[in-house]
Amino acid sequence: MGNSLQKPTYQTLENPQKEEENIASSFTCEICIELTAANNKFKNKNLCSHPFCENCIAHHIEAKIEDNTAKIRCPGLDCPHILDPISCKPLISENLFTKWCDLLCENYVLHFERSYCPNKNCNALVVNECERKGRVKKAQCPICSQWFCFQCKLGWHAGYGCEEARNFRDPNDIAFGQLVEERSWARCPSCGHCVELIDGCRYTFCRLVC
């Protein structure tokens with residue numbers, strides 16, 4: 001029998017030029033010190049550009065959220081930029097992103113005067129975003145639409161001061177207070193009697209002994 005011919009085998013040689021291109025398109029993460037493909041480089045919404053891989057940024061975010069940090073800074077040395085939550089969303093779990101959003105909301109609210117709706121069935125948080133501290137008094141809950149006093153945190157006490165509102169009043173007192181507010185009557189700060197300005201100077205004196 002004749003010798004059978006064997007199919008020749010060829011050794012595949014790597015393309016040196018292609019290998020050099022892959023290395024050139026990679027980078028070394030400054031956190032894990034690993035060579036990483038360029039498409040895994042974290043981009044902070046183009047606010048800053050540092051050689052960090054997405055995996056390291058995800059661990060950085062998780063650690064900061066566990067410490068209840070709302071505004072997470074870029075881990076770059078002396079970098080002043082804050083990580084953009086939207087850019088980071090694909091890198092972390094949905095639960096972690098939700099917790100981060102909650103921390104950001106709480107941090108935002110702390111800078112404003114705030115109150116809770118006195119309606120026991122609501123208790124919604126109402127924030128004075130206008131920053132008019134001490135000036136906002138009558139407020140309406142955006143959830144249940146109930147009016148309340150932003151200063152004393154009680155239901156709206158038309159025609160009565162905050163201290164008076166802490167005492168129980170019968171329906172006639174409440175109706176009178178609403179009339180005082182409707183007619184824009186002024187109340188004497190000493191005795192509490194109402195004064196109606198019809199015309200003339202806006203500076204008035206109480207006619208009673210006070």
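Remember, it's a predicted structure, so these values are computed and weren't measured experimentally. Excluded from the calculations below are hydrogen atoms, water molecules and symmetry mates; all remaining heavy atoms, backbone and side chain alike, are included.
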Quiz item: Take atom NZ in K41; do more than 12 heavy atoms of anything else shown fall under 6.0 Å from it?
Solution: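 Yes, enclosed.
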Quiz item: What do you reckon, is NZ of K71 surrounded by more than 12 foreign heavy atoms closer than 6.0 Å?
Solution: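 Incorrect, the count does not exceed 12.
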Could you pull out all residues at least two apart from [X] that satisfy side chain to side chain contact (heavy atoms under 4.5 Å, CB included)?
| X | value |
| --- | --- |
| A37 | N39, N40 |
| P142 | V126 |
| N55 | C53, H59 |
| L47 | N44, K45, H81 |

[X] versus [Y]: any side-chain heavy-atom pair under 4.5 Å?
| X | Y | result |
| --- | --- | --- |
| N123 | C117 | no |
| K153 | F148 | no |
| I31 | P75 | yes |
| Q146 | P118 | yes |
| H157 | C152 | yes |

When rounded to the nearest 0.5 angstrom, what distance separates [atom1] in [X] from [atom2] in [Y]?
| X | Y | atom1 | atom2 | result |
| --- | --- | --- | --- | --- |
| T69 | N107 | OG1 | CG | 10.0 Å |
| L125 | I143 | CG | CD1 | 10.0 Å |
| H50 | I57 | NE2 | CD1 | 9.0 Å |

Quiz prompt | Set of side-chain hydrogen bond (donor to acceptor under 3.5 Å, both in side chains) partners for Y108, sequence neighbours left out | solution = E129
Quiz item: With sequence neighbours excluded, what pairs up with S87 under the side-chain hydrogen bond (donor to acceptor under 3.5 Å, both in side chains) test?
Solution: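 Partners of S87 under the side-chain hydrogen bond (donor to acceptor under 3.5 Å, both in side chains) test: D84.
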Practice problem: Please report the C-alpha distance between Q140 and S145 in whole Å, then the side-chain angles of each, then the deciding distance to 0.1 Å, and finally whether the side-chain contact (heavy atoms from CB on, under 4.5 Å) criterion is met. | Solution: CA-CA 6 Å; Q140 186 177 28; S145 300; 3.7 Å; yes
Quiz item: Is the backbone N or O of L83 less than 3.5 Å from a side-chain atom of R73, with the two atoms forming a donor-acceptor pair by type?
Solution: no
Practice problem: With sequence neighbours left out, write down each residue that passes ring pair (Phe, Tyr, Trp, His ring centres under 6.0 Å) with H60, or none if nothing qualifies. | Solution: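 Residues passing ring pair (Phe, Tyr, Trp, His ring centres under 6.0 Å) with H60: none at all.
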Quiz prompt | Those residues that, when tested against F42, pass ring pair (Phe, Tyr, Trp, His ring centres under 6.0 Å) (two or more places apart) | solution =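 With sequence neighbours excluded, F42 shows a ring pair (Phe, Tyr, Trp, His ring centres under 6.0 Å) to no residue whatsoever.
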Practice problem: Please test C74 against F52 for side-chain contact (heavy atoms from CB on, under 4.5 Å), starting from the C-alpha separation and ending with a verdict. | Solution: CA-CA 10 Å; C74 169; F52 301 135; 4.1 Å; yes
N/O donor-acceptor pairs under 3.5 Å from side chains in residues 88-106, not counting sequence neighbours:
{"residue": "S93", "atom": "OG", "partner": "L96", "partner atom": "N", "Å": "3.2"}
{"residue": "T98", "atom": "OG1", "partner": "E94", "partner atom": "O", "Å": "2.9"}
{"residue": "W100", "atom": "NE1", "partner": "A70", "partner atom": "O", "Å": "2.8"}

Practice problem: Let me see the working for F27 and E34 under side-chain contact (heavy atoms from CB on, under 4.5 Å), right down to the final yes or no. | Solution: CA-CA 8 Å; F27 71 97; E34 294 287 341; over 6 Å; no
